[in-house]
Visitor: 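I am attaching a structure below and will ask some questions about it afterwards.
Note that the structure is a prediction, hence the values are computed from the model and not measured. Both ligands and their constituent atoms are indexed starting at 1 by order of listing.
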Amino acid sequence: MPLRGWVVKTQVAIVGAGPSGLLLARLLDRAGIRSVVLESRTRAYVEARIRAGVLEEGTVNLLREAGVSSRLDQDGLRHGGFELAFANGTHRIDIEALTGKHVTVYGQTEIQKDLADAHLAAGAQVQYEAKQVQLDQLTGTAARVRYQACGAWQELECDFIAGCDGFHGVSRQSIPVERLRQHERIYPFGWLGLLVDLPPVSKELVYANHERGFALCSMRSATRSRYYIQCSVEDQVTDWPDSRFWDEIRMRLPEPYAARMAIGPAIEKSIAPLRSFVTEPMRYGRLFLVGDAAHIVPPTGAKGLNLAAADVRVLYEGLAEFYASGSQALLDEYSSRALARVWNATRFSWWFTALTHKFSDDAFAHRLQLAELDNLRHSTAASQAFAENYVGQL
Ligand code: RFL
Ligand code: PHB
């Protein structure tokens, strides 16, 4: 039976040290608001996960406000457009000309390291390997968080809990089911991702619609490429030796791209299922759900991390106002403000996935996709709507 430790008082308990948890912790710390971050995994595990790569301007601005952008400002790649590949050709969406905005390519793993380094440098800590996290008294006068660390039970008493613990975390599950509405779409395929230390096939991202399935050419730097192909949900990584991956992705790209693609041994390969998922509301008493704990979008629109950062901004503004003036007005608006953006990104990610992926062998459905893609060549209005959604709202 583990020993029982002291009860520690803090203002905000943050569950999860992914990008949303650490970003919130940095912003609160700079505003003089005390927090404790609990993470169930080790720092090395959290930093090894290869995930997002495309940041909206609003996300970059928030990372700047949090004081963690020096490497991002130096190494982030500014992208003013991307390519759509279909019917053996390409069409460029010039997001900069269409919206006046751009996106930044910078890996989530790097953001994760920048945030953790900045947190440590500020003298703050993350409790890694916190086990059996339990949330309690969420509608009482103070919330409680119990967890095991270093062989003992620990307890936090706090004003608020930020549930930043991702889709499989404990926070959402701590809310009585009858108090939540959950909306879900599971897609009948996954993404097989491969990371390789070779220059990307193109200076910009290439999203490909092909009758064999979707493919995406992305990157992390001028010498590191990130590629994805649509695969079956039943597939295992072992079904996809590197040679099969390279053969398949080249078949799904227009000839000139396939011909010049540099191929080599993968340094990481993984399969992610695709889902759309939204929880409403995103608050229960003193608990606020943030990022993937509240919502998941398919990665096609590159919105997951950007939505997580947008939630953090709204929650941070509410907490800052509360601790400055005692007013809960902004905190009371957290769920509705966050959900407006979440539903728009859910709509866009679903639409972009439907436009580019193979759902069945139905040739009619594929012809409709090609007609909609072709319409982007001719319609500035359609291209502009696409570009506005891709760069996101500020
Ligand atoms: P995370 O990153 O899942 O972090 C949650 C953290 O909580 C910890 N945890 C717990 N801690 C304590 N107690 C518990 N009981 C806990 N349970 C879990 C976990 O260990 C973890 O450290 O959620 P967060 O912070 O909300 O961040 C969300 C983003 O990670 C996610 O939305 C993006 O990665 C999604 N995503 C993309 N987003 C973009 O904006 N642009 C992209 O280009 C993009 N590409 C992607 C993606 C996600 C992908 N996969 C693998 C799902 C590409 C892929 C392939
Ligand atoms: C990535 O580089 O991981 C990436 C880029 C764009 C997307 C999704 C993922 O739409």
Side-chain angles (χ1 to χ4, degrees), residues 13-25 37-43 45-56 58-59 77 79 82 103-109 111-112 115-116 126-135 145 147-149 161-174 190-195 200 204-207 214 216-221 224-228 268-275 277 289-312 345 348-349 352-353 356 390 392:
I14 299 176
V15 186
S20 37
L22 285 184
L23 178 55
L24 180 64
V37 185
L38 304 176
E39 165 60 50
S40 57
R41 306 286 195 155
T42 62
R43 179 173 173 182
Y45 179 91
V46 172
E47 288 179 6
R49 290 185 299 216
I50 314 288
R51 289 184 168 181
V54 176
L55 307 180
E56 297 173 3
T59 304
L77 305 172
H79 282 212
F82 60 84
V103 293
T104 302
V105 173
Y106 187 71
Q108 183 169 327
T109 39
I111 294 178
Q112 195 65 64
L115 284 165
V126 175
Q127 174 65 65
Y128 288 101
E129 297 183 82
K131 300 296 176 197
Q132 313 247 16
V133 174
Q134 299 164 10
L135 315 187
V145 182
Y147 63 97
Q148 274 184 24
I161 300 173
C164 302
D165 49 352
F167 183 67
H168 300 286
V170 68
S171 297
R172 193 179 64 255
Q173 290 163 26
S174 305
W191 275 22
L192 169 64
L194 177 147
L195 192 68
E204 295 185 334
L205 271 62
V206 183
Y207 291 88
F214 169 80
L216 168 59
C217 306
S218 182
M219 65 197 72
R220 291 292 175 269
S221 69
R224 180 169 283 191
S225 306
R226 180 71 168 156
Y227 294 119
Y228 297 98
E268 193 265 358
K269 228 186 299 170
S270 53
I271 292 182
L274 266 65
R275 63 157 55 86
F277 176 84
L289 298 179
V290 181
D292 279 17
H295 42 73
I296 298 284
V297 286
T300 324
K303 292 292 168 207
L305 177 59
N306 293 298
L307 279 182
D311 290 353
V312 168
F348 173 65
S349 305
F352 195 10
T353 303
T356 48
Y390 193 81

Visitor: Which pair of heavy atoms, one from Gln108 and one from Pro19, lies closest together, and at what distance?
Guide: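 Between these two residues, the closest heavy atoms are NE2-CG, 3.5 Å.
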Visitor: Where is the tightest heavy-atom contact between Pro200 and Ser218, given as atom of each residue plus distance?
Guide: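 Here Pro200 and Ser218 meet closest at CB-O, 4.3 Å.
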Visitor: Please say whether Gln108 places an N or O atom under 3.5 Å from an N or O atom belonging to ligand 1.
Guide: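 There is such a contact, yes.
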Visitor: Under 4.0 Å from a heavy atom of Gly166: which atoms of ligand 1 are those, numbered in the order shown and with their elements?
Guide: 3 (O), 5 (C), 23 (O)
Visitor: For ligand 1 and Asp292, I'd like to know whether there is a polar contact (N/O to N/O, distance under 3.5 Å).
Guide: yes
Visitor: Supply the atom-to-atom distance Arg41 CZ to Arg49 CZ, rounded to the nearest 0.5 angstrom.
Guide: 7.5 Å
Visitor: Heavy-atom distances under 4.0 Å are what count here, so tell me which part of Thr300 touches ligand 2: side chain, backbone, both or neither.
Guide: backbone
Visitor: Under the criterion side chain to side chain contact (heavy atoms under 4.5 Å, CB included), I'd like the reasoning laid out for Lys269 against Leu192: C-alpha separation, chi angles, the key distance, then a yes or no.
Guide: CA-CA 7 Å; Lys269 228 186 299 170; Leu192 169 64; 4.3 Å; yes
Visitor: Using a 4.0 Å heavy-atom cut-off, say whether Arg49 meets ligand 1 through its side chain, its backbone, both or neither.
Guide: side chain
Visitor: Quick one: pull up CG in Asp292 and CZ in Arg172 and give me the separation to the nearest 0.5 Å.
Guide: 9.5 Å
Visitor: To which protein heavy atom is atom 50 (N) of ligand 1 closest, and what is the distance rounded to 0.1 Å?
Guide: Ala272 CB, 4.2 Å
Visitor: Just how far is it from atom OG1 of Thr300 to atom OH of Tyr390, taken to the nearest 0.5 Å?
Guide: 10.5 Å
Visitor: For ligand 1, find out whether one of its N or O atoms is nearer than 3.5 Å to an N or O atom of Asn306.
Guide: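 Yes; the residue has a nitrogen or oxygen that sits under 3.5 Å from a nitrogen or oxygen of the ligand.
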Visitor: Below 4.0 Å from ligand 1: does a non-hydrogen atom of Tyr228 turn up there or not?
Guide: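 Contact present.
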Visitor: Quick one, Leu305 with Ile111, criterion side chain to side chain contact (heavy atoms under 4.5 Å, CB included). Give me CA distance, side-chain angles, the key distance, then yes/no.
Guide: CA-CA 11 Å; Leu305 177 59; Ile111 294 178; 3.9 Å; yes
Visitor: Report yes or no: does a heavy atom of Cys164 sit under 4.0 Å from some atom of ligand 1?
Guide: yes
Visitor: Would you please name every residue forming a salt bridge (Lys or Arg N to Asp or Glu O under 4.0 Å) with Arg51, sequence neighbours left out?
Guide: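 None.
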Visitor: When you measure from atom 42 (C) of ligand 1 to each heavy atom in Ala345, Gly193, Ala52, Ala293, which option holds the nearest one?
Guide: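 Comparing heavy atoms across Ala345, Gly193, Ala52, Ala293, the nearest one to atom 42 (C) of ligand 1 lies in Ala52.
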Visitor: Just which atoms of ligand 1 are under 4.0 Å from any heavy atom in Gly169?
Guide: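 Under 4.0 Å from Gly169, ligand 1 has these atoms: 17 (N).
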Visitor: I need the single residue from Ile14, Leu115, Val46 that forms a side chain to side chain contact (heavy atoms under 4.5 Å, CB included) with Leu22. Which is it?
Guide: Leu115
Visitor: I need the Gln173 CD to His168 NE2 distance, nearest 0.5 Å.
Guide: 9.5 Å
Visitor: Give the intermediate values and the outcome of side chain to side chain contact (heavy atoms under 4.5 Å, CB included) for residues Val105 and Leu205.
Guide: CA-CA 10 Å; Val105 173; Leu205 271 62; 4.2 Å; yes
Visitor: Using a strict 4.0 Å cut-off to heavy atoms of Val170, name the atoms of ligand 1 that fall inside it.
Guide: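 Here the atoms of ligand 1 in question are 15 (N).
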Visitor: Taking 4.0 angstrom as the limit and counting only heavy atoms of Val54, give me the atoms of ligand 2 inside it, by number and element.
Guide: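 Counting atoms of ligand 2 from 1, those under 4.0 Å from Val54 are 5 (C), 6 (C).
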Visitor: Does ligand 1 have an atom under 4.0 Å from some heavy atom of Glu56?
Guide: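 The answer is no: ligand 1 sits nowhere under 4.0 Å from a heavy atom of Glu56.
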Visitor: Among the heavy atoms of Val105, does any lie under 4.0 Å from an atom of ligand 2?
Guide: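 In this structure, Val105 fails to qualify as a contact of ligand 2 - no heavy atom is under 4.0 Å.
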Visitor: Taking only heavy atoms of Leu205, which atoms of ligand 2 are found under 4.0 Å from at least one of them?
Guide: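 Every atom of ligand 2 under 4.0 Å from some heavy atom of Leu205: 5 (C), 6 (C).
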Visitor: Considering only heavy atoms, which of Ala17, Ser40, Ser270 lies nearest to atom 9 (N) of ligand 1?
Guide: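 It is Ser40 whose heavy atom sits nearest to atom 9 (N) of ligand 1.
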Visitor: For ligand 1, which is the ligand I care about here, please tell me if Gly304 has any N or O atom under 3.5 Å from one of the ligand's N or O atoms.
Guide: yes
Visitor: Please list the nearest protein heavy atom to atom 9 (C) of ligand 2 with its residue and the distance rounded to 0.1 Å.
Guide: Tyr228 CE1, 3.8 Å
Visitor: Counting both backbone and side chain atoms, is some N or O of Val133 under 3.5 Å from an N or O of ligand 1?
Guide: no
Visitor: My understanding is that we take every heavy atom of each candidate and find the minimum distance to atom 27 (O) of ligand 1. Doing that for Gly291, Pro298, Pro19, which one comes out nearest?
Guide: Pro19
Visitor: Just let me know how Leu55 lines up against ligand 1, side chain, backbone, both or neither, with a heavy-atom cut-off below 4.0 Å.
Guide: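 Within the 4.0 Å criterion, Leu55 makes no contact with ligand 1.
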Visitor: In ligand 2, which numbered atoms sit nearer than 4.0 Å to a non-hydrogen atom of Pro299?
Guide: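 Those qualifying, in numeric order: 7 (C), 8 (C), 10 (O).
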Visitor: Looking only at distances, can you tell me whether any N or O atom of Gly53, backbone or side chain, sits closer than 3.5 Å to an N or O atom of ligand 1?
Guide: yes
Visitor: Would you say that His295 contacts Leu307 through its side chain, given a criterion of any heavy-atom pair below 4.5 Å between the two side chains?
Guide: yes
Visitor: Do Glu268 and Arg226 meet the salt-bridge criterion of a basic N to acidic O distance under 4.0 Å?
Guide: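 Glu268 and Arg226: salt-bridged.
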Visitor: With heavy atoms of Leu38 as the reference, note each atom of ligand 1 found under 4.0 Å away.
Guide: 11 (N), 12 (C)
Visitor: Any chance you could measure Ser40, atom OG, to Lys131, atom NZ, to the nearest 0.5 Å?
Guide: 5.5 Å
Visitor: Got the closest protein heavy atom to atom 26 (O) of ligand 1, with its distance?
Guide: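 Sorting protein heavy atoms by distance from atom 26 (O) of ligand 1 puts Ser20 OG, 2.8 Å first.
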Visitor: Measure from atom 49 (C) of ligand 1 to every heavy atom in Glu39, Arg43, Arg51 and give the option owning the shortest one.
Guide: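 The nearest heavy atom belongs to Arg51.
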Visitor: What is the closest protein heavy atom to atom 6 (C) of ligand 2, and at what distance does it sit?
Guide: Tyr207 OH, 3.3 Å
Visitor: Using the rule given for side chain to side chain contact (heavy atoms under 4.5 Å, CB included), can you reason through Trp191 versus Phe214, listing the C-alpha separation, both sets of side-chain angles and the distance that settles it, and then say yes or no?
Guide: CA-CA 9 Å; Trp191 275 22; Phe214 169 80; 3.2 Å; yes
Visitor: To the nearest 0.5 Å, what is the distance between CG (Leu77) and CD (Glu204)?
Guide: 11.0 Å
Visitor: If you count the atoms of ligand 2 from 1 in the order shown, which ones are under 4.0 Å from a heavy atom of Arg51?
Guide: 3 (O)
Visitor: Can you name the closest pair of heavy atoms from Ala308 and Val290 and give their distance?
Guide: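 Result for this residue pair: O-CG1, 4.2 Å.
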Visitor: Would Arg41 count as a contact residue for ligand 1, given that I'm defining contact as a non-hydrogen atom of the residue lying under 4.0 Å from a ligand atom?
Guide: yes
Visitor: Is any side-chain heavy atom of Arg220 closer than 4.5 Å to one of Thr109?
Guide: no
Visitor: Considering heavy atoms of the protein only, find what lies nearest to atom 7 (O) of ligand 1 and give residue, atom and distance to 0.1 Å.
Guide: Asp165 CA, 3.2 Å
Visitor: When you measure from the side chain of Gln112 to the backbone N and O of Ala17, does any donor-acceptor pair fall under 3.5 Å?
Guide: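 Present.
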Visitor: Please report which non-hydrogen protein atom sits nearest to atom 2 (O) of ligand 2, along with the residue it belongs to and the distance in Å to one decimal place.
Guide: Ser218 OG, 2.6 Å
Visitor: Using the ring-ring contact (aromatic ring centres under 6.0 Å, His included) criterion, which residues pair with Tyr207? Sequence neighbours excluded.
Guide: Phe82, Phe352
Visitor: Using a plain distance cutoff, I'd like to know if Leu305 has any nitrogen or oxygen under 3.5 Å from a nitrogen or oxygen of ligand 1.
Guide: yes
Visitor: What atoms of ligand 1 come within less than 4.0 Å of a heavy atom belonging to Val15?
Guide: 12 (C), 13 (N)
Visitor: If the cut-off is 4.0 Å to any non-hydrogen atom of Val54, which atoms of ligand 1 fall inside it?
Guide: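 Counting from 1, the qualifying ligand atoms are 41 (N), 43 (O).
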